[in-house]
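To start, the structure itself, in structure tokens.
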Amino acid sequence: MDSAQSDYDKAKAETQNKQDALEEAKKQLQDAVDSAGDKTFGTVPGLEEAASAEEALKALEQEKQIQEKELLDLTDVLNQALQDAASKQAEASLKEQNASSTGITADGDVNLEVNSSSGSAGIGEKDNALGITSGGVTHIGTGEDTALKNVDIESGSDLTIDPIDAGGEVNITAKGDIRGSEDEDTVDIIAPSGNLNSLGGDIGTKENPLKTSLDKVSAFGENVYLDNTGDLIIDSIIADGDPDKDGGNVHLTVDGDVIDSDSPVKPDGIDIIGGDIQIDASGNIGTKENPLDVESDEFGATGGNIHISSEGDVKVDKIVGADVSISSGGKVTDKDDEDAIIAGNLDIDAGVVGEENNPLNVNVSGKLDINAKYGYINLVNSYRAADSIWNYRTLIHKPTGIRVSGYISSNAELFVTNGCEHENCMICKYLEKLPASIVLSRYNITMSGHYYGKLYVQIPVDEKFNGQIVTIAYCDDGKLITIQVEVKDGFASFFVDRLHTFVILDGQYHAVTEGGHQMLASDETGETVYAESLLNAGA
């Protein structure tokens with residue numbers, strides 16, 4: 001890395017010397033032209049010198065372009081060295097953490113239950129984690145009158161956890177994989193923050209990511225797969241697996257915003273390091289003022305507004321968002337001839353945009369602001385106002401005031417009724433028969449035409465609910481889904497993959513399974529909400 005830095009500094013100095021020589025040659029040329037006065041061209045004094053200066057200018061300009069290319073290549077070398085150093089530093093730190101001996105060893109399951117007369121208790125300490133090596137599932141719980149504070153555990157092997165619900169930090173380090181429940185409805189970790197480290201394995205799997213409800217996360221593993229409920233602040237996520245062996249993947253699904261953190265935990269300010277990074281968020285990813293900092297071989301994302309920054313190259317897999325901005329110290333390129341970026345507005349500030357034989361393909365209906373530090377831009381915008389399929393539009397149903405936004409075809413129309421989405425569906429019948437005291441509104445929303453990516457739905461709610469949390473409940477292929485959102489400016493707003501019959505509930509509710517039936521339960525009381533007419537009918 002020191003050698004690369006030395007080469008970088010040397011190239012930069014040589015480029016400056018060439019630039020100075022270029023300016024001097026320009027001055028000589030201008031002086032020669034100015035001295036000609038009104039004389040004929042063939043008798044201009046200094047004409048020969050001027051011609052020589054012009055040739056020098058051309059040569060110097062060619063040399064300058066070569067030096068700039070070398071600078072860009074050296075920047076790539078430095079960025080790769082930075083990424084490798086950060087990964088190794090994190091790995092060394094984690095190995096040091098895991099040096100203590102295992103405290104509990106079992107061939108099967110491990111069940112830990114803590115009780116405290118004070119009403120709260122923790123498991124392990126941040127500097128003295130409880131060691132567990134289990135051949136089965138590790139279950140952590142509390143007694144009836146005890147709340148779980150922190151959880152600090154480490155494992156000398158793979159670690160499979162039952163749900164953890166803690167009021168403080170959850171710190172888990174394992175030499176192998178870290179796995180959660182295979183039940184899609186089960187949240188594996190609920191806590192304000194989580195620090196998850198796998199020294200020789202993966203966190204979650206692509207098919208079954210670790211399901212969390214964290215405000216803030218730090219993670220390290222060969223691959224990192226997380227599915228988080230609510231906004232998520234990224235302290236540091238590193239996937240250091242070998243891409244040639246399907247490693248180095250970071251896949252995040254976030255029901256909310258993905259937020260950059262300025263925590264000192266991050267190596268050199270980078271939020272996520274990985275080979276293949278994919279982020280799917282129902283909210284925004286980064287902000288214009290504080291973009292998400294990434295280093296990757298390939299990057300893809302879907303969300304509202306998407307703002308990312310990278311010190312190295314950014315190869316775009318697929319980015320779909322409203323306002324998209326990319327800041328790169330290297331190149332911004334794509335994989336193939338398909339639209340790599342679909343956006344309402346696009347802002348790119350990079351060393352080079354596109355490649356000579358592979359332009360960056362985008363579909364942008366609004367403003368394009370493209371800047372290349374080294375002067376090379378090769379970009380194709382496929383958007384055509386007359387016939388583009390994927391226009392970012394907002395459809396408004398005037399009678400109800402419901403709005404649906406997304407990349408929607410120009411011939412699409414919005415329809416709203418009070419009917420159910422599915423006939424003979426127990427979930428739809430249950431939602432239709434909910435007590436009127438908790439139902440604010442019910443709308444079956446459909447749309448003609450086509451759309452791409454997620455849809456942003458805004459349903460009017462009485463402004464007296466501004467600042468309060470309401471629940472959106474709906475049936476998705478026979479599964480009861482709930483989304484909790486804060487009412488803002490008289491709207492309950494949320495992202496979905498497709499439209500449904502949405503029921504807006506006064507209060508906070510979640511889905512539970514009771515007697516083989518999916519129903520709602522109150523977050524506040526824990527009581528199940530029954531639809532009496534269905535129960536009386538024997539449903």
Side-chain angles (χ1 to χ4, degrees), residues 1-2 4-5 8 72 74-94 193-199 203 214-226 228 231-243 247-252 254 257-279 281 284-301 303 306-317 319 324-333 348-351 373:
M1 185 171 176
D2 291 340
Q5 181 66 57
Y8 180 94
L72 188 58
L74 284 168
T75 300
D76 291 343
V77 172
L78 287 171
N79 287 329
Q80 184 60 50
L82 173 67
Q83 180 174 341
D84 292 343
S87 179
K88 296 302 180 185
Q89 181 182 7
E91 184 176 4
S93 175
L94 291 172
S193 65
N195 183 19
L196 313 171
N197 304 297
S198 171
L199 299 182
I203 297 176
L214 300 169
D215 299 328
K216 183 184 295 186
V217 69
S218 176
F220 178 91
E222 292 187 351
N223 294 293
V224 177
Y225 302 99
L226 297 176
N228 192 75
D231 296 344
L232 183 63
I233 299 172
I234 308 296
D235 258 355
S236 172
I237 295 179
I238 298 175
D240 74 337
D242 186 351
N249 299 309
V250 176
H251 290 188
L252 302 180
V254 178
D257 295 337
V258 180
I259 304 168
D260 168 86
S261 169
D262 292 325
S263 166
V265 173
K266 295 188 302 181
D268 298 301
I270 304 172
D271 296 300
I272 304 177
I273 297 175
D276 176 11
I277 298 176
Q278 177 67 41
I279 303 174
N284 300 319
I285 299 174
T287 65
K288 187 75 173 178
E289 299 75 20
N290 195 19
L292 195 70
D293 303 302
V294 301
E295 294 295 335
S296 66
D297 295 331
E298 292 183 7
F299 179 85
I306 300 173
H307 303 283
I308 66 166
S309 174
S310 177
E311 295 183 6
D313 296 341
V314 176
K315 177 175 280 190
V316 179
D317 184 354
I319 295 177
V324 174
S325 71
I326 301 173
S327 175
S328 168
K331 298 175 288 186
V332 176
T333 59
I348 298 178
D349 187 1
K373 299 180 181 70

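Residue numbers run from 1 in the order of the sequence given. These numbers come from a predicted model, not from an experiment.
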Under the ring pair (Phe, Tyr, Trp, His ring centres under 6.0 Å) rule, collect the residues that match up with Tyr225, sequence neighbours excluded. His251
Heavy-atom side-chain proximity of [X] to [Y] below 4.5 angstrom:
X      : Y      : answer
Phe299 : Val294 : yes
Ile234 : Val217 : yes
Leu232 : Ile259 : no
Ile270 : Ser236 : no

[X] and [Y]: which non-hydrogen atoms are nearest, and at how many Å?
X      : Y      : answer
Gly330 : Asp313 : CA-OD1, 3.4 Å
Val250 : Ile273 : CG2-O, 4.0 Å
Asp231 : Asp257 : OD1-N, 2.8 Å
Ala350 : Val332 : CB-CG2, 3.7 Å

What's the verdict on side chain to side chain contact (heavy atoms under 4.5 Å, CB included) for Ile272 and Ile279, showing C-alpha distance, side-chain angles and the deciding distance? CA-CA 11 Å; Ile272 304 177; Ile279 303 174; 3.9 Å; yes
Between Val314 and Thr333, is a side chain to side chain contact (heavy atoms under 4.5 Å, CB included) present by the stated rule, with each step listed? CA-CA 6 Å; Val314 176; Thr333 59; over 6 Å; no
Ser325: which residues meet the side chain to side chain contact (heavy atoms under 4.5 Å, CB included) condition with it, sequence neighbours left out? Lys288, His307, Asp347
Checking Glu222 now: which residues fulfil salt bridge (Lys or Arg N to Asp or Glu O under 4.0 Å) with it, not counting sequence neighbours? none
Taking it one step at a time, do Asp276 and Asp297 satisfy side chain to side chain contact (heavy atoms under 4.5 Å, CB included)? CA-CA 6 Å; Asp276 176 11; Asp297 295 331; over 6 Å; no
Side chain to side chain donor-acceptor pair (under 3.5 Å) involving [X] - partner list, sequence neighbours excluded:
X      : answer
Ser328 : none
Asn223 : Asp202, Asn249
Gln278 : Asp280

